[in-house]
Amino acid sequence: MTVIRNLSRAISQVLQSPGCGCQTSIVPVRCIGVSPRQVTSDANFHSVSFSETDHPRVLITGGLGQLGVGLAKLLRKRFGKNNVILSDIRKPADNVFYSGPFIYSDILDYKNLREIVVNNRITWLIHYSALLSAVGEANVPLARAVNITGLHNILDIAAEHSLRLFVPSTIGAFGPTSPRNPTPDLCIQRPRTIYGVSKVHAELMGEYYHYRYGLDFRCLRYPGIISADSQPGGGTTDYAVQVFHDAIKTGKFQCNLKPDTRLPMMYIDDCLKATLEVMEAPAELLTMRTYNINAMSFTPEELVQEVQKHVPEFEVTYNVDPVRQAIADSWPMNFDDNNARKDWGWKHDYDLPELVTTMFNFLGSESRIAQAN
Ligand SMILES: NC(=O)C1=CN([C@@H]2O[C@H](COP(=O)(O)OP(=O)(O)OC[C@H]3O[C@@H](n4cnc5c(N)ncnc54)[C@H](O)[C@@H]3O)[C@@H](O)[C@H]2O)C=CC1
Ligand SMILES: CC(=O)[C@H](N)C(=O)O
């Protein structure tokens with residue numbers, strides 16, 4: 001296996017022309033990407049990226065949400081500060097603005113996106129812009145525009161410029177008729193939120209562009225993500241972040257899901273690590289283009305018990321939000337991520353106790369600093 005991989009890498013290096021960066025193939029391929037917006041139906045271009053010695057030039061859309069800033073930090077450590085550009089339609093905080101390149105980008109503006117990709121010689125596109133499950137239900141037309149029309153722009157730009165494209169999906173891409181415990185990669189997907197529908201659409205469109213146009217599309221279905229230094233953007237799993245802030249600030253928390261609502265969750269460091277790993281994985285290891293990833297699964301009750309080990313006087317009351325509860329009841333309880341583990345070696349580092357300790361260490365030290373000032 002290693003011999004074959006080394007051999008194909010050697011052939012690939014010989015066949016690769018220096019400035020082109022096209023993926024090698026015995027069959028001649030077009031080096032200049034052609035957008036599906038522009039081409040005839042027999043288009044057959046291949047995506048690729050950068051030569052193996054170069055670092056990728058990365059653009060992150062929707063980068064000022066819960067996940068983007070952390071991802072930029074990780075990628076900048078690996079590829080260099082100036083090779084990773086954060087973008088969003090919001091104004092960045094000072095610390096974000098001064099930590100590396102930031103640019104305004106509205107994913108609904110195709111021409112502006114194209115200009116950014118061309119001017120900055122982007123080779124990897126990480127597409128984080130989205131409206132999450134709860135805010136999506138509150139504004140369906142906007143969710144449809146950002147999550148579906150915006151995605152179409154991203155797919156076309158990525159195909160046209162031979163980018164490696166990452167689009168996250170979610171546990172929310174499943175629905176009440178999916179097997180929920182556990183939920184495998186391939187099963188019925190009939191979500192009942194605009195968020196879920198748009199993510200299934202993204203998975204299918206990305207895979208279609210991969211098979212039809214050779215787009216290097218990569219997708220992970222994230223569980224609910226828990227982070228200490230960034231706020232969630234309006235999802236169903238947000239309670240599992242808020243609980244830590246309230247435990248530290250007031251010792252009291254009002255939970256908007258029922259105590260026994262079980263959902264898959266993950267600490268942000270694991271999520272970002274998985275994203276980098278799947279982006280760097282050799283294409284021949286990927287037997288699929290969309291993978292479930294998982295770390296743990298818990299209910300509010302179980303999370304509260306773990307929190308009480310750090311804050312014994314912590315009190316929780318339940319005031320159920322019917323919209324969020326209905327969404328959570330239709331989502332997976334446990335996620336089967338065996339394919340990711342088998343194909344590209346996915347392995348999480350944080351389980352529930354580790355996550356809770358890490359969150360308190362971070363937030364505790366922040367609040368001590370705030371009190372000292
Ligand atoms: N945070 C989580 O628990 C999970 C997140 N994901 C996915 O990961 C990605 C990132 O998630 P988060 O950072 O949590 O989302 P978020 O809601 O915190 O941030 C999304 C960002 O998109 C930006 N945005 C909205 N409209 C835009 C437009 N027209 N053009 C450009 N940017 C626009 C917003 O300003 C915001 O900063 C999303 O695609 C989400 O679906 C998937 C599963 C779980
Ligand atoms: C799991 C997700 O996709 C997100 N956190 C949400 O709750 O909408």
Side-chain angles (χ1 to χ4, degrees), residues 59-72 86-93 96 102-110 112-113 116 125-139 142-154 165-174 183 191 193-203 206 219-227 229-242 256-257 261 263-268 270-272 274-275 290 292-295 297 321 323-325 327-328 330-332 335:
L59 174 68
I60 303 174
T61 69
L64 297 185
Q66 187 189 2
L67 306 185
V69 173
L71 184 68
L86 264 180
S87 72
D88 207 300
I89 51 173
R90 296 194 274 150
K91 202 161 143 188
V96 174
F102 176 86
I103 207 163
Y104 171 88
S105 170
D106 180 348
I107 57 154
L108 295 174
D109 184 344
Y110 182 79
N112 171 245
L113 257 181
I116 291 169
L125 181 43
I126 313 262
H127 178 47
Y128 268 176
S129 308
L131 261 65
L132 271 57
S133 57
V135 291
E137 288 313 289
N139 192 343
L142 184 62
R144 200 180 69 171
V146 174
N147 297 8
I148 298 179
T149 309
L151 173 89
H152 293 169
N153 288 342
I154 293 289
L165 173 64
F166 178 82
V167 180
S169 185
T170 160
I171 49 173
F174 297 94
T183 306
T193 59
I194 185 64
Y195 177 59
V197 169
S198 69
K199 289 294 187 178
V200 177
H201 178 73
E203 294 175 7
C219 175
L220 297 178
R221 295 193 190 104
Y222 294 161
I225 306 301
I226 298 169
S227 57
D229 58 352
S230 58
Q231 291 297 324
T236 305
T237 58
D238 291 9
Y239 90 87
V241 177
Q242 194 57 41
N256 55 23
L257 294 181
T261 310
L263 291 168
M265 301 278 185
M266 181 178 283
Y267 184 57
I268 187 167
D270 274 337
C271 165
L272 303 180
T275 305
T290 302
N292 292 350
I293 51 163
N294 196 30
S297 222
D321 169 3
V323 174
R324 283 184 164 85
Q325 187 64 48
I327 295 174
S330 74
W331 282 2
F335 228 23

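The model shown is predicted, which means the values in this text are computed figures rather than measured ones. Whatever order the structure lists ligands and atoms in, that order sets their numbers, starting from 1.
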With side chains defined as the heavy atoms from C-beta onward, is the minimum distance between [X] and [Y] less than 4.5 Å?
| X | Y | result |
| --- | --- | --- |
| Ile89 | Tyr104 | yes |
| Pro168 | Leu220 | no |
| Tyr239 | Thr261 | no |

Protein heavy atom at shortest distance from [atom]:
| atom | value |
| --- | --- |
| atom 30 (N) of ligand 1 | Ile107 N, 3.0 Å |
| atom 20 (C) of ligand 1 | Ala130 O, 3.7 Å |
| atom 3 (O) of ligand 1 | Ile225 N, 2.9 Å |
| atom 2 (C) of ligand 2 | Thr170 OG1, 3.5 Å |
| atom 25 (C) of ligand 1 | Ile89 CD1, 4.1 Å |
| atom 8 (O) of ligand 2 | Ser133 OG, 2.5 Å |
| atom 11 (O) of ligand 1 | Leu67 CD1, 3.9 Å |
| atom 7 (O) of ligand 2 | Thr236 N, 2.6 Å |
| atom 39 (O) of ligand 1 | Lys199 NZ, 2.9 Å |
| atom 5 (N) of ligand 2 | Thr237 OG1, 2.8 Å |
| atom 15 (O) of ligand 1 | Leu132 CD1, 3.5 Å |
| atom 34 (C) of ligand 1 | Asp88 OD1, 3.6 Å |

What do you reckon, does [X] have a nitrogen or oxygen under 3.5 Å from a nitrogen or oxygen of ligand 2?
| X | answer |
| --- | --- |
| Tyr222 | no |
| Asp238 | no |
| Trp331 | no |

Polar-atom distance check: [X] versus ligand 1, any N or O pair below 3.5 Å?
| X | answer |
| --- | --- |
| Leu131 | no |
| Tyr222 | no |
| Tyr128 | yes |
| Thr170 | no |

Check contact between [X] and ligand 1, using heavy atoms of the residue and a distance below 4.0 angstrom.
| X | result |
| --- | --- |
| Arg221 | no |
| Thr61 | no |
| Gly150 | no |
| Pro223 | yes |

Donor-acceptor pair, distance only, cut-off 3.5 Å: does the side chain of [X] make one with the backbone of [Y]?
| X | Y | value |
| --- | --- | --- |
| Ser169 | Arg221 | no |
| Asn147 | Leu131 | yes |
| Asn292 | Phe335 | no |
| Arg324 | Asn256 | no |
| Asn153 | Gly150 | no |

Check: In terms of atom number and element, which parts of ligand 2 are under 4.0 angstrom from non-hydrogen atoms of Leu132?
Finding: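 Counting atoms of ligand 2 from 1, those under 4.0 Å from Leu132 are 4 (C), 8 (O).
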Could you state the interatomic distance from [atom1] ([X]) to [atom2] ([Y]), rounded to the nearest 0.5 Å?
| X | Y | atom1 | atom2 | value |
| --- | --- | --- | --- | --- |
| Ser105 | Asn112 | OG | CG | 5.0 Å |
| Leu71 | Ser230 | CG | OG | 11.5 Å |
| Met265 | Asp270 | CE | CG | 14.5 Å |
| Leu272 | Ile225 | CG | CD1 | 8.0 Å |

For [atom], state which one of [options] supplies the nearest heavy atom.
| atom | options | answer |
| --- | --- | --- |
| atom 42 (C) of ligand 1 | Pro168, Ser169, Gly68, Gly63 | Ser169 |
| atom 19 (O) of ligand 1 | Gly235, Pro92, Ser87, Gly65 | Gly65 |
| atom 32 (N) of ligand 1 | Gly136, Gly172, Ser129 | Ser129 |

Next item on the list: Considering the heavy atoms of Ser105, write down every atom of ligand 1 situated less than 4.0 Å from one of them.
Entry: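 Every atom of ligand 1 under 4.0 Å from some heavy atom of Ser105: 30 (N), 31 (C).
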Next item on the list: Within a distance under 4.0 Å of any heavy atom of Asp106, pick out the atoms of ligand 1 and give their elements.
Entry: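 Near Asp106, the atoms of ligand 1 are 28 (C), 29 (N), 30 (N).
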Margin query: If we count only N and O atoms by modelled type, under 3.5 Å, do the side chains of Thr193 and Ser133 hold a donor and an acceptor together?
Written below: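 Judged by distance alone, the side chains do not pair up.
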Notebook entry, point to check: Parallel, tilted or perpendicular for Tyr195 and Trp331, by the 30°/60° rule?
Noted result: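 Aromatic pair Tyr195/Trp331 classed tilted.
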Next item on the list: Scan Leu59, Ile60, Ile107 and name whichever one has a side-chain contact (heavy atoms from CB on, under 4.5 Å) with His127.
Entry: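 The residue from Leu59, Ile60, Ile107 that satisfies side-chain contact (heavy atoms from CB on, under 4.5 Å) with His127 turns out to be Ile107.
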Check: So which bit of Gln66 gets within less than 4.0 Å of ligand 1, heavy atoms only: side chain, backbone, both or neither?
Finding: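 Both backbone and side chain.
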